[in-house]
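We name chains A, B, ... by the order of the sequence lines, and we start the count at 1 in each one. All values below were derived from every heavy atom in this structure, side-chain atoms included, with hydrogens, water molecules and symmetry-related copies excluded.
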Amino acid sequence: MSSQMLYPIHLNLARLTKSWIRIPPEVFAWNTVIRKHAKSAYPIEAVNAFFRMQRMGVPADNYTYPFVLKACGRCLRVGEGRQVHCLVVKSGFLLDHYVGNTLLSMYGDCGVIRLARMVFDEMPERDVVSWSSMIAACVTWYALLACNEKLKTWTVMICGLSNHGRGEDALSLFIQMEKAGLKPDSISFTGLLCACSHLGLVKEGKEYFDRMVNVYNIEPKLEHYGCMVDLFGRAGMVKESYDIIKSMPKEPNSIILRSFLSACKIHGWDHVDDHFKELLLEIEPSLGANYVLAANMSAMSHQWDDMAKLRVAMKGKGLKKVPGCSWVK
DNA sequence: ATAGGGTTAG
């Protein structure tokens with residue numbers, strides 16, 4: 001039975017009326033439109049709606065900005081994001097924690113670390129979310145530098161040599177965060193451990209993982225184990241990577257399995273459980289890349305029959321390799 | 001009545 005049926009109707013009406021007086025109805029309506037679009041497959045529509053709202057003279061409120069900024073970040077529109085930033089400053093909503101933090105993440109998502117840092121530095125107060133967002137932005141930056149030589153050149157050309165080592169910035173941010181007396185939470189640690197993984201800092205990564213468990217009493221989640229599997233895997237310590245998966249209290253997910261099997265492929269390890277290969281295909285049978293990876297593993301251990309079977313299975317499902325893409329324009 | 005942070009990867 002719903003709560004509406006338990007209470008006299010006029011009570012509900014009174015509550016509704018009160019909120020309708022507090023918030024102008026058209027602002028709420030616009031917020032709803034922008035929120036829906038921001039989460040949709042076409043976040044640009046949220047940005048368009050926001051500017052339409054501006055043109056119609058409806059004032060944005062503290063809810064509007066997080067929605068539209070999230071959308072700007074999702075479709076990588078720094079230009080529009082900056083315009084919204086200006087409006088945020090003008091309207092005084094910069095002091096709102098939600099608004100400030102989404103602004104920071106927006107710049108982080110768009111890869112404009114300098115502006116993210118500017119917002120971060122100018123914040124009157126930084127909470128856990130602000131620190132985690134800034135750490136994440138630094139990690140993303142380092143991942144970009146690390147993953148693609150061409151992109152590295154491109155980035156270095158534009159931003160100058162001074163921007164090297166953002167992954168280290170992420171680490172130093174974490175240290176500053178602790179010094180500032182903030183208690184990092186499980187998401188802060190995900191960012192930190194990712195930074196260690198990208199930088200190849202195995203010793204530090206291990207220490208921070210222990211610190212998370214023993215000092216902060218945070219129970220490691222699947223993604224933390226995933227970071228460790230990735231950390232060891234990238235560093236070529238495939239055995240240690242394997243041990244992490246074996247010691248986990250839960251079943252690994254497809255991300256972890258893919259990370260581990262790729263490490264095996266690169267660094268080589270013939271004692272791979274067939275189980276992992278099969279498990280990956282069981283968890284995520286719709287991704288072509290998983291079949292490619294599984295076939296590679298079969299080839300490594302000279303299981304040619306298995307490999308042929310996988311090829312057939314892949315074709316039968318009509319799976320193709322998804323072409324790679326980059327969001328850098 | 002609506003709101004903010006993280007992870008794969010050839």
>> Assess the residue pair A:Phe232 and A:Tyr242 against the criterion (ring-ring contact (aromatic ring centres under 6.0 Å, His included)); give the C-alpha distance rounded to whole Å, side-chain angles, the decisive distance to 0.1 Å, and a yes or no.
In response: CA-CA 9 Å; A:Phe232 288 124; A:Tyr242 178 82; over 10 Å; no
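Closest to the side chain of A:Ile255, from the set B:dT8, B:dG5, B:dG10, is B:dT8. Closest contact between the side chain of A:Ser259 and the listed nucleotides B:dG5, B:dA3, B:dT8 involves B:dT8. Minimum atom distance to the side chain of A:Glu223 is reached by B:dT7, of the listed B:dT7, B:dG5, B:dT2. Comparing atom distances between the A:Lys39 side chain and each of B:dG5, B:dA3, B:dT2 picks out B:dA3 as nearest. Proximity note for A:Lys70 (side chain, C-beta onward) versus B:dG6, B:dG5, B:dA9: the nearest is B:dG5. Comparing B:dT8, B:dG5, B:dA3 by their closest approach to the side chain of A:Arg258 singles out B:dT8. Listed nucleotides B:dG5, B:dT7, B:dA3 differ in distance to A:Thr190; the shortest reach to its side chain belongs to B:dT7. Of the candidate nucleotides B:dG6, B:dA3, B:dG5, B:dG5 has the atom lying nearest to any side-chain atom of A:Asp185. Comparing atom distances between the A:His198 side chain and each of B:dT8, B:dA3, B:dG6 picks out B:dT8 as nearest.
Looking at heavy-atom distances under 4.0 Å, A:Thr102 makes contact with sugar-phosphate atoms alone, never a base. Counting any heavy atom pair closer than 4.0 Å across all strands shown, A:Val99 reaches no nucleic acid atom. In this structure, A:Phe67 reaches the bases: a heavy-atom distance under 4.0 Å links it to at least one base atom across the strands shown. Looking at heavy-atom distances under 4.0 Å, A:Ser188 makes contact with a base. Contact annotation for A:Cys194: backbone-only contact, meaning every heavy-atom pair under 4.0 Å involves sugar-phosphate atoms and none involves a base. Among the atoms of the strands shown, only primed sugar atoms or phosphate atoms (P, OP1, OP2) are found under 4.0 Å from some heavy atom of A:Arg35.
From A:Cys110, atom SG reaches atom CG of A:Leu115 across 9.5 Å, with rounding to the nearest 0.5 Å.
Applying the 3.5 Å distance criterion, the base of B:dG5 shares a donor-acceptor pair with the side chain of A:Ser132.
Here the C1' atom of nucleotide B:dT7 and the CD1 atom of A:Ile135 are 14 Å apart, to the nearest Å. Atom CG of A:Asp230 is separated from atom C1' of B:dA9 by 9 Å (rounded to the nearest Å). To the nearest angstrom, P of B:dT2 lies 17 Å from CE of A:Met53. One interatomic measurement links the two molecules: CD of A:Glu284 to C1' of B:dA9, which rounds to 12 Å at whole-angstrom precision. In this entry the distance linking OH of A:Tyr225 with P of B:dT8 reads 19 Å, nearest Å.
Among A:Glu223, A:Lys221, A:His224, the one residue that satisfies the side chain to side chain donor-acceptor pair (under 3.5 Å) test with A:Thr190 is A:His224.
For A:Arg234 and B:dA9, the shortest distance from a side-chain N or O to OP1 or OP2 is below 4.0 Å. Considering only side-chain N and O atoms, A:Lys265 lies nowhere under 4.0 angstrom from the phosphate OP1 or OP2 of B:dA9.
The 12-atom threshold is not exceeded at OH of A:Tyr42, counting heavy atoms of other residues, nucleotides or ligands nearer than 6.0 Å.
Cluster partners of A:Val129: none. The rule joins Ile, Leu, Val, Met, Phe, Trp and Tyr whenever side-chain heavy atoms lie under 4.5 Å apart, and it links nothing here.
Using a 4.0 Å cut-off between a side-chain N of Lys or Arg and a carboxylate O of Asp or Glu, A:Asp210 and A:Lys206 do not qualify as a salt bridge.
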